[in-house]
Structures are given as C-alpha cells and as structure tokens.
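Comments concern the structure below.
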Amino acid sequence: MLNDTKVRSAKSREKPFKLSDERGLFLLVTPTGSRLWRLKYRLNGREKLISLGAYPDVTLKRAREKRDAARRLIADGIDPSVQRKAERAALAQSFEGVAKEWLELQTKSLAPETISILSARLESGLYPYIGSRPIAAITAQEVLIALRRVEARGRHETAHRVRALAGRVFRYAVATGRAHHDIAADLKGALAPVKSKHFASVTDPARVGELMRAIHGYSGHPVTALALKLAPLVFVRPGELRAAEWPEFDLENAEWRIPGERMKMGEPHLVPLSRQALAILCELQPLARGGKYLFPSLRTRDRPMSDNTINAALRRMGYTSEEQTGHGFRSMASTLLNEQGFPPDVIELQLAHTERNKVRAAYNKAQRLPERRKMMQAWADYLDGLRAGGNVVPLRRRARSA
C-alpha cells in the first residue's frame, strides 16, 4: 500500500515500473519521470485499464477517490471507460464545449488580452446558465434569460457584447454541424438599448495646444512621459501602444508594423512615423532595459505597462475622464484631420477601421500609403504648432507643400 512519501520519492528507471496501492490502483513510473495513476479492473470477465491522471496534479488521496467512484460504477455494471467517453462526447456537443473549442481557434489570431476578456464573458454570462446544455437544444429564450441576468447586474452594454459573443459560438456550431441556427441573432432588439459612448477627447485646437504643453511638461516616470508624447502622434488604440514591441519598428524606413494578432480586427497595420515620433523612439531605446517592450511595466521588463497607466497620467495632469482619455487621442486626430480636409478614406485607413469592401480595402492599403505618410508628418507638425501657441498653418496646406 502506498503513502505520500513513497509516491513523492519514486524515481524513474530504465524501464517503466508499477507501484501498487490497493483495489486495483497503481502508480506507473515512466523512464521520463512521469508518474501516472492507473486503475485495473474486471468487467464481464474482461480485464480493463483506465487512467486517473498524473501525479502531482492528482494526489494519492484524490486518486483513491477517483478509484472508488469508478468502482461504484463497476458495481452497477457500468464501464467507467465507456462512461468517460460518453461524457466527453456530451461535452463536445454542449455550449461550453463548443465555446471552448471556438475560443481555442481564436488564439491563433487574437491577442491574449482579448482571449482573456472573451473567456471571462463566457464564464460569467453564459456557462452557468447554458454551458452544460446540448448546443443544438438551446432556445433563444434560454439565452435571453442568461442575458437578462447580466442586465440585472447593471451591465447593459456587457449584455449586448455577450449576445454578440454567443452568436459567434452558435455560428461556429452551425459551421461544424452541431447546431442548425444562430439563435442569438433572433434576440436583436430584445435587450435594453445602450447609448453609444464616445471616448472623451479634446478637439478644440486651442485646448489641444494646452494638452500638448501639459504632456511635454509631465514630470512622472520617463517611460510614461514618452508614451504620453507618442500617443497623439500615432493615435493607435491604447492596447496597441502599450504592448508595442521593438521588433515591430523599422526606424530606417520610419514605419511601425503592428502584427494582426495585436490588432482589434486581426489585420496587420502600418503606422508611418513622423520625425517627431522617431525622436521619441530614440529617447526610449536606452530606457528599454534590454526588454522587447517599448513601454515595460515599472515592476518587470517582461510585461508591458498597465492598461491604466496613460489614463492615470492624464488624471495627474488634471484632465478628468470626461475630458481626455488615452483612447481619445484617436477621436482628436480623426476630428481635426477631417476638419482640415484630409480624405476620409485616408484617415479611416490610418485609424485601422474595417473597410467592408474587400477589393477597395486592398486598393487603399496598396495605393494610399504616400498620402498617409504626408498626413502623419503634417499632423505632427500641426501638434507642434499648437503646442507653441502660434498661428498654425492649416494641415491640408502643409501636406500639399510637402
């Protein structure tokens, strides 16, 4: 009979060997050092074997509990191996099983942070209520009840996001032959409407000048200060900025190429770098501490800065969340660039907004880069002019003379 000490001290040998416990349970020790729990049993006159997990994830106590549960099934004439296969098959047909399978596929194209958010929404909003149900048998009313629970917590916008996420899972189930219809689509209009929120941003040129002066006078951590300076020049999403990696930058050609897995829409994105942006990157290089991130965490260079760092810095500078956010640099650029007469298509391309027409999108990406380069340099010069407080030449006129 085994004890914890014997199990813990079991050493590998040239060939696999067994350490027996009792009632058919034994520990199989492999030449690679793995320690695997096995249960030998007889049913209908045939000897069979089932795996109960690996030590130390499954302790001796837990292995005995699993053995006893299996033997109870055997006493009732049920083969635990067949039972396990049936449970796995049922899981593969359940909403939770399909959702996890779909989520695993998304890890190939979505950022880990996005996967974590999607997983949390599934676990809190859907799994407790429809997770174990066969996905083909779930009704729209069952999904609505789950969404109503999210709404009851005051999370109206989240409820809409969870409905859209459920739809993605159901459509995957349809594609893989495990459901007939995306029932989440039937719930459009069934949830309380949510007023669209815009990320707060300063768009009045005079106030933009004040903001630029405040940013350039920021006295906090040097890495945070440089992130603040770069943010309005590139106007990417906050997550794309804070997780920027040095290998993505081609300083010689003044380009930042963000890989698709880090972009919201899953498509690679190119950011032309102005002279001002390049100067900031040169300042950043000595502060990188040999890590891959431009803006490493203050605690470790192995992680990027917190997603709240930019917003916290803006609060320290006196800007409330109703006045300016890190995401608001995008709407600042969009508003002022449109007012200055730049082609909306060029602005939208630089904002990495999805182009629904695939042919047009391919044409735009291939043909409009020179315009984007001129626009980004003109934008940087314009911000410098606003910061200086002088009479700024309109952006469009600058671009034409470039």
Side-chain angles (χ1 to χ4, degrees), residues 1-108 111-113 115-124 126-135 178 291-292 297 299-303:
M1 185 172 174
L2 295 175
N3 57 42
D4 289 328
T5 302
K6 289 181 181 179
V7 173
R8 188 169 55 251
S9 60
K11 303 297 183 183
S12 60
R13 300 175 186 171
E14 187 176 341
K15 294 183 179 180
F17 67 95
K18 302 176 183 178
L19 294 176
S20 297
D21 187 52
E22 59 177 352
R23 305 180 71 193
L25 178 66
F26 65 89
L27 184 71
L28 176 66
V29 183
T30 72
T32 61
S34 298
R35 288 165 284 183
L36 311 172
W37 294 110
R38 298 287 187 266
L39 175 64
K40 185 167 62 175
Y41 62 97
R42 297 186 71 86
L43 188 65
N44 299 324
R46 294 181 59 191
E47 186 175 281
K48 306 192 76 174
L49 195 68
I50 188 172
S51 169
L52 301 182
Y55 181 87
D57 294 334
V58 177
T59 63
L60 174 59
K61 179 181 178 182
R62 178 62 182 143
R64 286 170 175 168
E65 290 172 352
K66 295 176 82 169
R67 173 201 62 193
D68 293 343
R71 290 183 66 85
R72 284 192 291 272
L73 290 173
I74 295 166
D76 291 334
I78 300 171
D79 189 333
S81 179
V82 174
Q83 174 85 353
R84 178 181 292 179
K85 290 177 182 177
E87 289 173 353
R88 286 175 178 168
L91 178 61
Q93 299 295 324
S94 71
F95 180 87
E96 182 173 349
V98 174
K100 287 182 174 178
E101 185 180 314
W102 170 81
L103 199 60
E104 179 63 27
L105 287 176
Q106 307 315 303
T107 60
K108 299 175 182 178
E113 185 176 326
I115 295 296
S116 177
I117 292 171
L118 295 178
S119 180
R121 286 176 184 161
L122 288 165
E123 290 173 2
S124 64
L126 294 171
Y127 289 169
Y129 315 113
I130 61 172
S132 61
R133 296 272 290 127
I135 196 164
R178 285 172 284 185
K292 66 177 181 177
S297 164
R299 294 187 178 88
T300 171
R301 68 182 184 183
D302 297 325
R303 291 200 307 271

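Scope of the values below: all heavy atoms of this structure, side chains included, with no hydrogens, waters or symmetry mates.
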> What's the spacing between Leu43 CG and Ile78 CD1 if we round to 0.5 Å?
Replying inline: 10.0 Å

>> Can you give me the closest heavy-atom contact between Ser20 and Leu2, atom names plus distance?
In response: O-CG, 3.5 Å

>> Just verifying a value: how many Å separate Glu22 CD and Met1 CE, rounded to the nearest 0.5 Å?
In response: 4.0 Å

> Do any N or O atoms from the side chain of Lys66 and from the backbone of Leu52 form a donor-acceptor pair under 3.5 angstrom?
Replying inline: yes

> Counting N and O atoms only, with roles assigned by atom type, does the side chain of Asp79 sit under 3.5 Å from a partner on the main chain of Ser81, one being a donor and the other an acceptor?
Replying inline: yes

>> Donor-acceptor pair, distance only, cut-off 3.5 Å: does the side chain of Arg62 make one with the backbone of Asp57?
In response: no

>> Would you compute the distance between atom OH of Tyr127 and atom OG of Ser94 and round it to the nearest 0.5 angstrom?
In response: 8.5 Å

> Rounded to the nearest 0.5 Å, what separation is found between the CG atom of Leu39 and the CD1 atom of Ile74?
Replying inline: 6.0 Å

>> The test is side-chain contact (heavy atoms from CB on, under 4.5 Å); show your working for Lys6 and Leu19 and say whether it passes.
In response: CA-CA 9 Å; Lys6 289 181 181 179; Leu19 294 176; 5.5 Å; no

> Which heavy-atom pair separates Leu73 from Gln83 by the least distance, and what is that distance?
Replying inline: CD1-CG, 4.1 Å

> Backbone N or O of Gly24 within a donor-acceptor pair of the Arg67 side chain at under 3.5 Å?
Replying inline: no

> Between Val29 and Ser12, what is the shortest heavy-atom contact and its length?
Replying inline: CG1-CA, 4.0 Å

> Stepwise, does the side-chain contact (heavy atoms from CB on, under 4.5 Å) test hold for Glu65 with Asp68?
Replying inline: CA-CA 5 Å; Glu65 290 172 352; Asp68 293 343; 5.7 Å; no

> Can you name the closest pair of heavy atoms from Leu122 and Phe95 and give their distance?
Replying inline: CD2-CE2, 4.2 Å

> Does the side chain of Arg38 come under 3.5 Å of the side chain of Ser51 through a donor N or O and an acceptor N or O?
Replying inline: yes

>> Between Lys100 and Glu96, does any side-chain N to carboxylate O distance fall below 4.0 Å?
In response: yes

> Got a sec: does the CG of Asn44 have more than 12 other heavy atoms crowding it under 6.0 Å?
Replying inline: no

>> Could you measure the distance from the NZ atom of Lys40 to the CZ atom of Phe26? Nearest 0.5 Å is fine.
In response: 6.5 Å

> Looking only at heavy atoms, which two atoms of Pro31 and Glu14 are closest? And how far apart?
Replying inline: CG-O, 3.5 Å

> For the side chain of Ser124 and the backbone of Ala120, is there at least one donor-acceptor N/O pair under 3.5 Å apart?
Replying inline: yes

>> For Ala54 versus Trp37, what's the shortest heavy-atom pair and its separation?
In response: C-CD1, 4.2 Å

> Given the rule in the side-chain contact (heavy atoms from CB on, under 4.5 Å) test, do Asp21 and Leu27 qualify, once you have shown the distances and angles that lead to the verdict?
Replying inline: CA-CA 8 Å; Asp21 187 52; Leu27 184 71; over 6 Å; no

> Quick check: does any side chain N or O of Arg64 sit under 3.5 Å from a backbone N or O of Leu25, one acting as donor and the other as acceptor?
Replying inline: no

>> Around atom CD of Glu104, are there more than 12 heavy atoms from other residues, nucleotides or ligands closer than 6.0 Å?
In response: no

